[in-house]
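Scope of the values below: all heavy atoms of this structure, side chains included, with no hydrogens, waters or symmetry mates. Just so you know, residue 1 is the first one in the sequence shown, and it goes up from there.
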Amino acid sequence: FMAGRWMLQRPLDIIQVQDKFLSSNKMSSSDVSGTHAARHAIERYFDYVERHMFPSSKSQVKAPLAEICLPLYLLSEQLREDYDVWCDCEGGSNEDEVLGPRHTLLSETDIEMLYDTMREGVEQIQDSLPNKKKKKIPSDYVSFKNLSASFKGIVGTKVVNKWKRNRAEL
């Protein structure tokens, strides 16, 4: 089956698709929700990033940060868009008008939980890099703008701007 490029715009939706169509999958059991599966996947990916930033053996190749951090940036942008949908709905406007073709599969609480997971992982990457600009990500409130901007200190402003342009083309 071909999914096209939509997964680059909304990577967390893959978990919902996998859960719906691949019922034999381990992650689709009734005791594991899509949100917990997403959190687990994000945590595992941060572990993967750490392993490839600092390979333990000579046989492993050190991966470029721009390549291994792109999926994290895409996740943060999807979470930002989903959170904006929830914030727009709370603003008192007509829900059908706000949602229109846009919708989210995650609740506001789920998005905030995944934001905390992303924030902790990005801070862990920032702490492990020498001589990089460290952008402080607030922990007392949700700020996806600051989360996305923190990638500039990790991979560089030009790279993040390129990611933003490429994602806008989808």
Side-chain angles (χ1 to χ4, degrees), residues 1-21 34-35 37-46 48-49 52-53 63-126 129 132-139 141-170:
F1 301 110
M2 292 190 58
R5 295 181 61 185
W6 66 268
M7 66 186 77
L8 296 176
Q9 189 169 10
R10 302 192 52 83
L12 288 176
D13 290 355
I14 295 171
I15 292 175
Q16 269 47 355
V17 171
Q18 184 177 4
D19 189 42
K20 181 158 178 77
F21 293 110
T35 304
R39 184 177 186 163
H40 181 68
I42 291 170
E43 290 170 347
R44 286 183 52 210
Y45 192 77
F46 275 113
Y48 171 82
V49 169
H52 283 78
M53 283 175 50
L65 279 175
E67 289 181 14
I68 60 176
C69 288
L70 174 59
L72 299 172
Y73 176 78
L74 294 173
L75 286 172
S76 69
E77 288 298 302
Q78 178 183 351
L79 291 172
R80 181 188 54 80
E81 288 174 354
D82 289 354
Y83 193 73
D84 288 347
V85 168
W86 281 105
C87 290
D88 290 345
C89 289
E90 291 176 355
S93 60
N94 184 358
E95 188 172 320
D96 294 331
E97 182 179 290
V98 170
L99 291 177
R102 291 174 42 190
H103 67 284
T104 176
L105 299 173
L106 299 169
S107 70
E108 184 177 14
T109 308
D110 295 339
I111 294 169
E112 290 171 353
M113 180 184 70
L114 293 175
Y115 168 82
D116 288 336
T117 304
M118 291 285 296
R119 180 186 51 78
E120 291 167 2
V122 169
E123 287 177 347
Q124 182 180 356
I125 292 172
Q126 287 177 330
L129 292 174
K132 288 285 187 171
K133 275 186 0 187
K134 294 178 179 153
K135 177 115 175 131
K136 181 68 177 154
I137 308 168
S139 59
Y141 63 93
V142 175
S143 175
F144 285 103
K145 182 178 179 179
N146 288 343
L147 181 63
S148 294
S150 66
F151 286 100
K152 292 179 180 179
I154 296 172
V155 296
T157 302
K158 289 182 179 181
V159 173
V160 173
N161 289 339
K162 180 182 177 186
W163 290 347
K164 194 180 299 185
R165 285 191 311 271
N166 289 347
R167 189 170 185 276
E169 292 175 1
L170 296 176

**Prompt:** Hey, what do you get for CD1 (Ile42) to OG1 (Thr117), rounding to the nearest 0.5 Å?
**Reply:** 6.0 Å

**Message:** Could you work out, with ring pair (Phe, Tyr, Trp, His ring centres under 6.0 Å) as the rule, every residue matching Tyr48, not counting sequence neighbours?
**Reply:** Tyr45, His52

**Fill in**
One should read off an interatomic distance between His40 NE2 and Arg44 CZ, to the nearest 0.5 angstrom, of 4.5 Å

**Request:** Let me see the working for Leu74 and Gln78 under side-chain contact (heavy atoms from CB on, under 4.5 Å), right down to the final yes or no.
**Result:** CA-CA 6 Å; Leu74 294 173; Gln78 178 183 351; over 6 Å; no

**Asked** Under the side-chain contact (heavy atoms from CB on, under 4.5 Å) criterion, do Gln126 and Val122 qualify, and how do the steps go?
**Response** CA-CA 6 Å; Gln126 287 177 330; Val122 169; 4.3 Å; yes

**Distance (rounded to the nearest 0.5 Å) between Leu79 CG and Met113 CE** = 10.0 Å

**Message:** Among residues at least two apart in sequence or on other chains, which ones pass side chain to side chain contact (heavy atoms under 4.5 Å, CB included) with Glu112?
**Reply:** Tyr83, Glu108, Val142

**Message:** How long is the straight-line distance from CG of Leu65 back to CG of Leu70, given to the nearest 0.5 Å?
**Reply:** 12.0 Å

**Request:** Show your reasoning for whether side-chain contact (heavy atoms from CB on, under 4.5 Å) applies to Met53 and Leu129.
**Result:** CA-CA 9 Å; Met53 283 175 50; Leu129 292 174; 3.5 Å; yes

**Those residues that, when tested against Ser76, pass side chain to side chain contact (heavy atoms under 4.5 Å, CB included) (two or more places apart)** = Tyr73, Met118, Leu147, Ser148, Phe151

**Complete:** For Asp116, the side chain to side chain contact (heavy atoms under 4.5 Å, CB included) test, sequence neighbours excluded, returns Arg119

**Asked** Between atom CG of Leu72 and atom CD of Glu77, what is the distance when rounded to the nearest 0.5 Å?
**Response** 12.0 Å

**Message:** List the residues meeting salt bridge (charged side-chain N to carboxylate O under 4.0 Å, His left out) with Arg39, not counting sequence neighbours, and say none if there are none.
**Reply:** Glu43

**Item:** For the student: nearest non-hydrogen atoms of Ile154 and Cys69, plus distance
**Value:** CG2-SG, 4.1 Å

**Prompt:** Are the side chains of Asn161 and Lys152 in touch, meaning some heavy atoms are under 4.5 Å apart?
**Reply:** yes

**Complete:** Hits for ring pair (Phe, Tyr, Trp, His ring centres under 6.0 Å) against Tyr115, two or more places apart or cross-chain, chain-then-number order -> Phe144

**Message:** A side-chain contact here means heavy atoms from C-beta on lying under 4.5 Å apart; do Arg80 and Asp84 qualify?
**Reply:** yes

